[in-house]
Amino acid sequence: MKIEYFHASVYGNGAMVAEEFKKQMAAKGVMVDVHHIEKMKPEEMQSADLYVFSSPGRFGKPIKEMRRFLKEVDLPSGTKYAILTTEPAPKPDKKTGKMPTEEEIGAIQHVISIMNELLKEKGLLKVAETKVYVTGLKGPLEASWQDKVQAFVIAILG
Ligand SMILES: Cc1cc2nc3c(=O)[nH]c(=O)nc-3n(C[C@H](O)[C@H](O)[C@H](O)COP(=O)(O)O)c2cc1C
């Protein structure tokens, strides 16, 4: 199995996640080629069994460079993909101390849903999606981030 992994990390957190993913997949005998989307055009994408797209969020959406990249992706219908986003960890409301519900987060965060829309309209098939949290706007990654990567690897390999 061969995986091509495209990320749009700005502050390095998504890049660390990509390297961890590559390491964990290598331990299972799966080869992963990691690319920053700045360094490769969508038309230069190599053939693979699965493509991973990873983006940081900006103002509720995937960062614009990733939106542009996904719009230009030209892969055969039925190609498998997985999505990973790095997003700020939910925090309790300052007044009530309550954590936001999934619904409240979903009302402002559309990072994963926009990535899925762009790929599904090309006929691509999603096999897994996950969020890895950062504890501040620019990082660092949450304490258990390697476990999230492990769960993502397992979800992909089935
Ligand atoms: C100006 C600014 C706006 C941001 N807005 C969002 C957002 O709307 N949604 C989100 O999930 N993350 C947002 N973030 C946090 C990014 O998700 C975070 O910087 C990123 O996950 C870090 O990954 P990277 O180190 O790979 O770039 C924002 C960060 C900055 C600096």
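Whatever order the structure lists ligands and atoms in, that order sets their numbers, starting from 1.
- By the neighbour-count criterion of 12 heavy atoms within 6.0 Å, atom NZ of Lys122 is densely surrounded, having more than that number from other residues, nucleotides or ligands.
- Taking distance alone, with nitrogen or oxygen atoms compared against 3.5 Å, Gly12 approaches ligand 1 more closely than that limit.
- Looking at heavy atoms from C-beta onward, Met115 lies in side-chain contact with Thr85 at the 4.5 angstrom threshold.
- The closest protein non-hydrogen atom to atom 22 (C) of ligand 1 is Asn13 ND2, 3.7 Å.
- For ligand 1, the atoms lying closer than 4.0 Å to a non-hydrogen atom of Leu137 are 14 (N), 15 (C), 16 (C), 18 (C), 19 (O), 28 (C), 29 (C).
- Using a 4.0 Å cut-off between charged nitrogen and carboxylate oxygen, Lys2 and Glu4 count as a salt-bridge pair.
- In Glu72, the CD atom is crowded: over 12 heavy atoms of neighbouring residues, nucleotides or ligands sit closer than 6.0 Å.
- Summary of contacts: the protein heavy atom closest to atom 2 (C) of ligand 1 is Arg58 CD, 3.8 Å.
- Which of Lys61, Met16, His110, Gln109 comes nearest to atom 9 (N) of ligand 1 through a heavy atom is settled by distance: it is Gln109.
- Look at Gly139 and you'll find every heavy atom at least 4.0 Å from all atoms of ligand 1.
- Considering CZ of Phe6 and OH of Tyr51, their distance stands at 7.0 Å, rounded to 0.5 Å.
- What sits closest to atom 26 (O) of ligand 1 on the protein, heavy atoms only, is Ser9 OG, 2.5 Å.
- Protein heavy atom nearest atom 8 (O) of ligand 1, with residue, atom name and distance: Gly60 N, 2.5 Å.
- The closest protein non-hydrogen atom to atom 31 (C) of ligand 1 is Tyr11 OH, 3.6 Å.
- Looking from atom 12 (N) of ligand 1 to the surrounding protein, the closest heavy atom is Pro88 CD, 3.1 Å.
- Shortest contact from atom 6 (C) of ligand 1 to any protein heavy atom: Gly57 O, 3.4 Å.
- Checking only distances, Val10 does come within under 3.5 Å of ligand 1, N or O to N or O.
- Short contacts between ligand 1 and Thr86, defined as distances under 4.0 Å to a heavy atom of the residue, involve ligand atoms 17 (O), 20 (C), 21 (O), 22 (C), 23 (O).
- Neither side chain, Gln150 nor Gln146, offers a donor N or O lying under 3.5 Å from an acceptor on the other.
- Judged purely by distance below 3.5 Å, without hydrogens or angles, the side chains of Glu103 and Thr101 never pair a donor atom with an acceptor atom.
- Annotation for ligand 1: atoms under 4.0 Å from non-hydrogen atoms of Phe59 are 1 (C), 5 (N), 6 (C), 7 (C), 8 (O).
- Connectivity analysis of hydrophobic side chains (ILVMFWY, heavy atoms under 4.5 Å, direct or indirect) links Val52 to Met1, Ile3, Tyr5, Met16, Val17, Phe21, Met25, Val30, Val32, Val34, Leu50, Leu84, Val127, Val132, Val134, Leu141, Trp145, Val149, Phe152, Val153, Ile156, Leu157.
- Using modelled atom types and a 3.5 Å distance limit, the side chains of Glu129 and Asn116 yield a donor-acceptor pair.
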